[in-house]
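Heads up, the thing below is written out as structure tokens.
Every number for a ligand or one of its atoms is a count from 1 in the order of the listing.
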Amino acid sequence: MNTQNPNAPAAAVTYLIRNASILGRDTADLLIRGGLITAVGPALDAPEDAKVIDAAGLIALPGMVDLHTHLREPGREDAETVETGTRAAALGGFTAVHAMANSNPVADTAGVVEQVHSLGRRSGWVDVRPVGAVTVGLEGEQLAELGAMADSRARVRVFSDDGKCVSDPVLMRRALEYVKAFDGVIAQHAQEPRLTEGAQMNEGDVSAVLGLAGWPAVAEESIIARDVLLAQHTGSRLHVCHVSTAGSVEIIRWAKERGVRVTAEVTPHHLLLTDELVRSYDPVYKVNPPLRTAADVEALRRGLADGTIDIVGTDHAPHPSEHKECEWAQAAMGMTGLETALSVVQHTMIDTGMMDWEGFARVTSVTPAVIGAVETQGRPLAAGEPANVILVNPSARRTVDPNKMASKGRNSPFAGLELPGLVQATFFAGHPTVLDAALNTPHPVSTEESAWIA
Ligand SMILES: [Zn+2]
């Protein structure tokens, strides 16, 4: 897989994508020029200067938008940088990511969010939208300067203390009220701190057998229940990060039926993996919120399919190897996800018949762009729209190899799994940030040719 310098002057290059299946349905050509999709239709005339891409058998989708990425910069460049994280995002089919605020320093001022915004623009692989912290230093004691971050050049609209829960109900209420003025959203990491002190994994049969301190479902559900009531009371927008239990899905369904302005997210790993994996004591499976039971996985898939859960967010959380390759109790929590998200969602939702590619576009691009107020993303594949487009080969299969990823993190829980789906091209604002060389060959792409090489 080739990645191309996105900062090279793309200028005059015109791309004609031939015979792509638009959202998995009708086949059409797409003409990309000057950062825009300029025409969509059958058998378009090829301009003389156009580079032609044969996309027969490939699906054209809007570039994916992640509402939940940890880019680690500033401060933890040993784990990830904006450059490596956004390159991983492009390879995974993303054209925008929201960078979570738990960097060092914390993104709790206009200065820090502008710094992250500038780093994103400089690397140029995707649109980087900084998330602002809700409280100063993620300490949960004092509101951060939400208004100044909203007014800054970074135009922050999503605020989160992710990694920590805004557990003080008064602060949560004030934050919800504050962001209403500019239609911002509070993205909550729902985890009641007292109920999860010392917790190491999901509380259930497996934790009982292993003797590890459990993390009860009620610790997540009680915060979500409180927060949807606060959102109802304030009339503000609440987003629930990484929903992981069946009970959480039920509470969100209840709230939506009552018109509460709540949206919710599920991670790829919670759609596929269960706490049975913890029996291996391999810290690659240690994550917050923890992997749950098969019944929870089933409820999350149903919730995503029926719209109770609005989007997929990766919670891409790279860690240096020394923080993961150690004893379970000492290991850091988190998993990488940008370069495997499409494959896991195809495997769990599309190949199971629970969702089609149009639904995939809705939960990975259209709705996250709306929640995060990224106006140029998640748009229809139509003439006049910004050219944020990916080409996906749904028939390709690959074995996940973290050593071949662009992310600095090697902590993929999917390592060694054979998964479907391959991103063969990513166009960000008309620039091909990823373009598989095999696309220009006249024969079908084999798995070898399209190896997942960063
Ligand atoms: Zn979180």
Could you check which N/O/S atom of [X] is closest to the Zn ion (ligand 1)?
X: His189; answer: ND1
X: Asp162; answer: OD1
X: His242; answer: NE2

Please evaluate residues Glu141 and Thr135 with respect to the criterion side chain to side chain donor-acceptor pair (under 3.5 Å), reporting the C-alpha separation (whole Å), side-chain torsions for both, the decisive distance (0.1 Å), and the verdict.
CA-CA 7 Å; Glu141 286 168 8; Thr135 68; over 6 Å; no
More than 12 foreign heavy atoms under 6.0 Å from CD of Glu197: is that the case here?
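Counting neighbours around CD of Glu197, more than 12 heavy atoms of other residues, nucleotides or ligands fall under 6.0 Å, so yes.
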With the side chain counted from C-beta on, respond yes when Glu83 and Trp125 share a heavy-atom pair under 4.5 Å apart, and no when they do not.
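Heavy-atom side-chain distance check passes, below 4.5 Å.
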Given His68, which partner from the list His316, His98, His242, His270 fulfils the ring pair (Phe, Tyr, Trp, His ring centres under 6.0 Å) test?
His242
